[in-house]
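Read the structure below first, then the notes.
Atom set for the values below is all heavy atoms of this structure, side chains included, hydrogens, waters and symmetry mates excluded.
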Amino acid sequence: MKIVFIPYVTFILVLTCLFSCGKSKDESQNKVPATVAIETPQTVDDGPDLEEGVVVDCDTQLYQIIKNSNFDTVSDSYYVRIDENRNDTLIIKAYVRNDLSDDKRYQQIVESAVSWFVILPQRDGIYQSMNALDPEEPDFKKLKIDNKAFAFLLKCIDQE
């Protein structure tokens with residue numbers, strides 16, 4: 001009698017799991033996806049007006065500095081953020097966002113790096129990596145930037 005009872009219990013447990021998993025799958029398909037916050041690239045070319053006490057976050061300051069530098073890119077619609085702080089070296093990512101979704105209700109935003117930058121520990125400027133931060137053969141170009149705005153950026157970063 002025990003041998004016959006075990007398959008029935010196993011069969012019922014498997015069916016219960018299948019129906020419960022199938023039900024949650026259907027519910028998840030009917031849910032409205034969470035809103036994805038999409039930042040708008042800054043379009044102001046004058047740089048942040050820090051002298052008059054306008055509060056600007058570090059990423060906006062960084063974007064304005066790079067936007068007003070000699071950084072040459074194909075697209076003007078890019079984003080910039082501090083990606084990593086490694087041993088007092090700041091690694092900065094310039095990237096574009098692409099929506100790969102077929103259905104606009106379910107956005108699939110991917111980031112594609114346009115360029116990488118670093119601020120070295122001596123903090124003497126922003127350097128563009130010319131070979132995607134290759135550790136074996138590093139190649140950097142120092143950007144021509146507004147030194148006053150860069151000093152404000154460094155103060156902002158130190159406060160975070």
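- For the disulfide bond (SG atoms under 2.5 Å apart) condition, the pairs that include at least one residue of residues 129-160, sequence neighbours left out, are C58-C156.
- A donor-acceptor pair under 3.5 Å is formed between the side chain of D57 and the backbone N or O of T60.
- The six-membered or imidazole ring of F117 lies near that of F71, with a centre-to-centre distance under 6.0 Å.
- At least one donor-acceptor pair closer than 3.5 Å links the side chain of N70 to the backbone N or O of K144.
- The side-chain heavy atoms of Y78 and K67, taken from C-beta on, include a pair separated by under 4.5 Å.
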Does the pair I82 and I91 meet the rule for a side chain to side chain contact (heavy atoms under 4.5 Å, CB included), with working shown?
CA-CA 6 Å; I82 297 173; I91 299 174; over 6 Å; no

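- Under the rule for a side-chain contact (heavy atoms from CB on, under 4.5 Å), the partners of D99 that lie at least two apart in sequence or sit in another chain are S101, K104, Q107, I109.
- Judged as a side chain to side chain donor-acceptor pair (under 3.5 Å), and not counting sequence neighbours, S69 has no contacts.
- Enclosure of atom NZ in K141 by more than 12 non-hydrogen atoms of other residues, nucleotides or ligands within 6.0 angstrom is indicated.
- Partners of E137 by side-chain contact (heavy atoms from CB on, under 4.5 Å), not counting sequence neighbours, listed by chain and number: N131, D134.
- In the hydrophobic clustering of this structure, M130 does not group with V118; members are Ile, Leu, Val, Met, Phe, Trp, Tyr whose side-chain heavy atoms approach within less than 4.5 Å, directly or through other members.
- Of the N and O atoms on the side chains of Y95 and R81, at least one donor lies less than 3.5 Å from an acceptor on the other residue.
- With Q61 contributing its side chain and L153 its backbone, the two residues share a donor-acceptor pair below 3.5 Å.
- Scanning both residues, S115 and S129, for their nearest heavy atoms gives OG-O, 4.2 Å.
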Under the side chain to side chain contact (heavy atoms under 4.5 Å, CB included) criterion, do F140 and Q128 qualify, and how do the steps go?
CA-CA 5 Å; F140 294 100; Q128 180 182 1; over 6 Å; no

Under the side chain to side chain contact (heavy atoms under 4.5 Å, CB included) criterion, do L90 and I157 qualify, and how do the steps go?
CA-CA 10 Å; L90 297 173; I157 292 170; 3.6 Å; yes

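- Under the disulfide bond (SG atoms under 2.5 Å apart) criterion, no residue pair touches residues 76-105, with sequence neighbours excluded.
- Every residue two or more places apart in sequence or in another chain that forms a side-chain contact (heavy atoms from CB on, under 4.5 Å) with A113 is listed here: K93, W116.
- Smallest separation of non-hydrogen atoms from S112 and N98: OG-ND2, 3.6 Å.
- A 4.5 Å side-chain heavy-atom check between T89 and I119 finds every atom pair outside the cut-off.
- Within the structure, the disulfide bond (SG atoms under 2.5 Å apart) test picks out no pair touching residues 99-135 (sequence neighbours left out).
- Within the structure, disulfide bond (SG atoms under 2.5 Å apart) pairs that include any residue of residues 59-135 do not occur (at least two apart or interchain).
- For the pair I126 and I65, the minimum side-chain heavy-atom distance is below 4.5 Å.
- No side-chain heavy atom of D83 sits under 4.5 Å from any side-chain heavy atom of I92.
- Its side chain within the 4.5 Å cluster rule, V110 clusters with L100 among the Ile, Leu, Val, Met, Phe, Trp and Tyr residues.
- In this structure Q159 satisfies the side chain to side chain donor-acceptor pair (under 3.5 Å) test with no other residue, sequence neighbours excluded.
- The salt bridge (Lys or Arg N to Asp or Glu O under 4.0 Å) pairs that include a residue from residues 117-128 are R123-D158, where partners are two or more places apart or lie in different chains.
- With sequence neighbours excluded, no residue forms a salt bridge (charged side-chain N to carboxylate O under 4.0 Å, His left out) with D72.
- In this structure, the side chains of L120 and Y127 come closer than 4.5 Å at one or more pairs of heavy atoms.
- A salt bridge links R105 with D103: at least one charged nitrogen is closer than 4.0 Å to a carboxylate oxygen.
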